[in-house]
Structures are given as structure tokens and as C-alpha cells.
Protein chains: 2
Amino acid sequence: MAIALIRKLEQFTRLSAEDKQVLTEITGRGRVFQPREDLVQEGDKPSQINVILSGWACRYKQLEDGRRSITGFMVPGDLCDQNIFILRQMDHSLGAITLVTVAEIPRAAFEELTLKHSRITQALWWATLVEIAIQREWTVNLGQRSAFERMAHLLCELYLRLQGVGLTRENSCEIPVTQAELADATGLTAVHVNRTLQDLRAVGLIALKGKTLTIPNLEALMQASLFNPNYLHLDREGRHLNANDINGVPSTIPGREAPL
Amino acid sequence: MAIALIRKLEQFTRLSAEDKQVLTEITGRGRVFQPREDLVQEGDKPSQINVILSGWACRYKQLEDGRRSITGFMVPGDLCDQNIFILRQMDHSLGAITLVTVAEIPRAAFEELTLKHSRITQALWWATLVEIAIQREWTVNLGQRSAFERMAHLLCELYLRLQGVGLTRENSCEIPVTQAELADATGLTAVHVNRTLQDLRAVGLIALKGKTLTIPNLEALMQASLFNPNYLHLDREGRHLNANDINGVPSTIPGREAPL
DNA sequence: CGCACGATTGATTAGGGTCAATAATGGTGG
DNA sequence: CCACCATTATTGACCCTAATCAATCGTGCG
């Protein structure tokens, strides 16, 4: 099921039924990873593109002395490392956080996809550029924001990303991550993550029951963390490419769009 | 003068005389920016590719309350934002640190370049992937390392990057950056940057006269900062594409390579 | 039911921040 | 060549955020 991927890419541009069909086919077989299992390890030779179909994973780097840094979270629809084949070996690892289903797209299949479907290719580029922008924003987050702002900012980002793939309802979403993992991602200790989350709850910016995060007032949370969503580039920037649009290359019969 | 760019790309693969010729032509006209002048501002519509020919620049983001985060340094040979055209607006700014000469490559010219010169295209991809890897490493640096390690790590990286484009001699290089800028890049205050640099000097890991950085023992500095150079992907990973190589597509007459 | 793992709490410490003043530097015009 | 000014670098005193260490409490699950 490539639903998340399709939803994600449609944040950039509208895809045709054929585009969706192709994406669905190419992500057909999902491989399952257990929590804490590595999808890819540092030092591996990149051999395929991974698309998260369900569950959460993360990119991380381990320092020699054991410190671990989570450099990014990967949620359903996220696609990693197009063009990575150019590199000889991975400089970081990808690890499953929850039970994860991953579509592994071989290099050849991916190259064929991008060769034949320019609208998808553009959308994949958009996804890659957003990923880079997120990485930059994490740099800002770690370098400039206080623990309180930093946690709030991360939660804003995750909420919006999940919303983009349809994984929120009302003001809530699932954040299936331990506080220790949040610590490795925010550069805080698990103890301080705990206290910071309590602070955020105390002022009513968030609510947590189990792994369910509720954000009663997203605007307020964004303001508290100096969150500017521009780096997620969510405003359908590729709408000029929309399938069936006058400027696009229509490849479907109007009315035959596949349901989402 | 595209010397730095060519040297940089040749860390990945050997280019043919024609490749070099094309790169030299496309980066011909250099535009000059004064220190502190912005090459590109947040909110701008991306309209061209920039290649740093000489001088230093940085990527930065400014928070609403004035805090500034430098998310990366750009040195001669660095090329920014291929494929950025897909996005509607910049989510960060590029600013000159020193006097900077920049080649501004229009979109069309860039696309023609990548269309016709696959070896260059691959090399540019390599450069982009390295840039992403650097951004990830900065995340690690800010999240996990102490001030001492962090500064040491940054200096290792800058030294190696400059070395890659021929801007080191002996154990020294120019780092034309103020301590305030180092502060914005490391997430420290200028005061603490100053103290940290003093600490690094005190233990003999670095020497500084003016803007000249000397690293008497790079191995030692790398060890002190848990620096693993693998993320820079410097081991000529695209050597199978080398011009004149049996696997490559020879496009020059042997012996007619342009001098570096 | 008991066992892990994750969350929470408390007490204490330390790494960096803040504020404020002073000393170098370097570029400029005369 | 020098005086002047604006940056930039350096130092000191003090403070505060977040780390550390060490229990204890919950809770999901076999």
C-alpha cells in the first residue's frame, strides 16, 4: 500500500491515476523490520531505495564512545536516499523504531520510474529538497532553541508531517517514540525530555496519553517554538504540474482519477 | 576561474579536458558580493545555481527574535542548490562572509550542462550528497558534542574541505570567520567560542595567528572530536567513471588533459 | 504474576550563558 | 605614516539551564 507515499507526493502536485498506479506497483512488496532492527547500517553499500509504508524509523549516527544521535525521523510515505548509489558506503544507519514495513525499490526499477514519469520524478525531488530543508531546520533547532522550544518545534514538525500523509485526526496523532529516542533527537537527556514534556503539558500546549499526542492549539505551539512552516514547503508548490492541468502533461482521462 | 570547482569535483572522479572546459566556461562571469551582503534571501524565488569561485559564504536562518543560526559554510568550489527550482521560495538565506565571487548559472544553462555531460552530472550529485551528509553531521555535532569537541570537529571539517580544493598548505589554512560567526554555527556564544579556542590552543591541538589556522596534528584533532571523515566521501568514490578509464566514456585524447 | 523497559522524581553538579568591561586589530582618511 | 574609529577578541564575575546520578513508580506483556 503506497497510500502514504502518494498522499505525501500529492502535497506537491496532483498525480494522475497512472502515476498512482505505478507508485503502487513499485512499492508492492513490503519487507518487515522489528523495532530496533536496522534497515541499513553505516558502512553498507547502498543498494536500493527504501520507502516507509508503515511504522516509524530513524536515521542515526553512533559516536565511537556510544553516544547516539538521531538525525531524523522517517514516517510513512518517507522515501530515502535517491541517488545514494553514487556513494560507496553509508555514513549513517537507518533503524526501525516501531514495527516497520518498507518497500525496497531496486536501483534499476527506480531509475526506470524516474525516466518514464517526469511528474513523479519532480515530486520525488520535492520530497528530497524538503528532507534537506528539514535537516537544516534541525540544525537550527539544536543550535539555537531552548529545550522547551526545541521539543515544541519537533512536535510541530512531526504533527504537520503526519498530517501530510493523513495520520492525524482532530488535533491528535501517534508519536510511537520513547523519551530516550526524543532525547537522542533533540540533544537532551531522557530526564530532561521528560521534564520538558511535563512543562509543555503544564502550560496546556500539548496533551499526552500513552503515545497519543494532542495539540489543542497548533498556532500556540508554533508560536512558542518560533516554528515557521515554510521549510516544509507544503503549499503545493508544484501545482503547475498537476495532472490534467493545462500546463501539465495530462496522462489520464478526466474523471478516471484513482480514489485516494 | 573554476579551479576550485574542478578540484572539488575531481575528488569524486577524474574529469576530461572537455569537462573542465565546459565547467570553466559556464562559471566564467563572476559576480562580486561584499562581506555581509546576501547572495540570496529567505523568501526569494530560486532563479539560478550559485558556485562560489572565491571567498567564503554561509547559509543561515534568522529566528523572529533575532537569533541567527549558520547552518553551513560555503567555500570556493561549493555549489548550491541544484534542483532548487522546484521550490517556490527559499526557506533560508545565503550570505557573504568575506568578499565573495560567485558564478551564477541560469537554470537553462545548468540543465543543458547536466543533460550533455553525464560525468559532470554524477560529480555534481556526489557534491550534493556530501552536502546533505555534512548537514547531518552538523546535527550530530550540535546535538551530541561538547563545546570543545564541537569546535574541534568543525575545524577538522573545514580543513579537509579546504584541502580538497587546494586551499591548504603545510598544516595551515585560512579561516576568515569571526568568532561570532563560529558561535552562530556551533550553537555557542561568542564568549564561549573564544574560551574554547583558547582551550584548543592550550592543549596544542591548534594554533591561530590572525585568520590562519594551523593544525599541527590532524589525527589528534580528529580523535579529540570523534571526527570520522567518512561523511565527506573523499575516497574518489566515482573513480569507475574516470575520464579515460575503461569503464568510463573517454572524451579526450590521452595526454591532452588540461593542467589543473 | 512477575519482569523489563520506560516514565517520573529528587538532589546535586557542571558546562555554557549572560553581562559588562577592556584590549587588540584593522581599515580609513588626512 | 599616523590618529581615529569600528569591529573583533579577550577577560572576569556570576547565574542558570540542562546534565548526572540514583531511586522509585508504572505498565504492557509473556
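Naming convention: chains lettered A, B, ... in sequence-line order (proteins, then strands); numbering from 1 in each chain.
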Answer with base, sugar-phosphate or nothing: what part of the nucleic acid does A:Thr178 contact at a heavy-atom distance below 4.0 Å?
sugar-phosphate

Can you establish whether the number of heavy atoms outside A:Glu37 located under 6.0 Å from its atom CD is more than 12?
yes

What is the distance, rounded to the nearest whole Å, between atom NE2 of A:His192 and atom P of D:dT20?
12 Å

So does A:Asp91 pair up with A:Arg59, basic N to acidic O under 4.0 Å?
no

Any side-chain N or O of B:Lys209 less than 4.0 Å from the OP1 or OP2 oxygen of C:dT25?
no

Under 3.5 Å side-chain donor-acceptor pair for B:Thr139 and A:Gln135
yes

In terms of heavy-atom contacts, does CD of B:Gln223 have more than 12 from other residues, nucleotides or ligands at under 6.0 Å?
no

Going 5' to 3' through nucleotides 25-30 of chain D and flagging B where a protein heavy-atom sits under 4.0 Å of the base, S where only the sugar-phosphate is that close, and - otherwise, we get ------

Think B:Gln198 has a side-chain N or O under 4.0 angstrom from the OP1 or OP2 of D:dT11?
yes

Side chain of B:Arg150, base of C:dG16: donor and acceptor closer than 3.5 Å?
no

Quick one: do B:Arg145 and B:Glu137 make a salt bridge, cutoff under 4.0 Å?
yes

Counting the atoms with a prime plus P, OP1 and OP2 as sugar-phosphate, which does A:Arg201 contact under 4.0 Å by heavy atoms, base, sugar-phosphate, or nothing?
sugar-phosphate

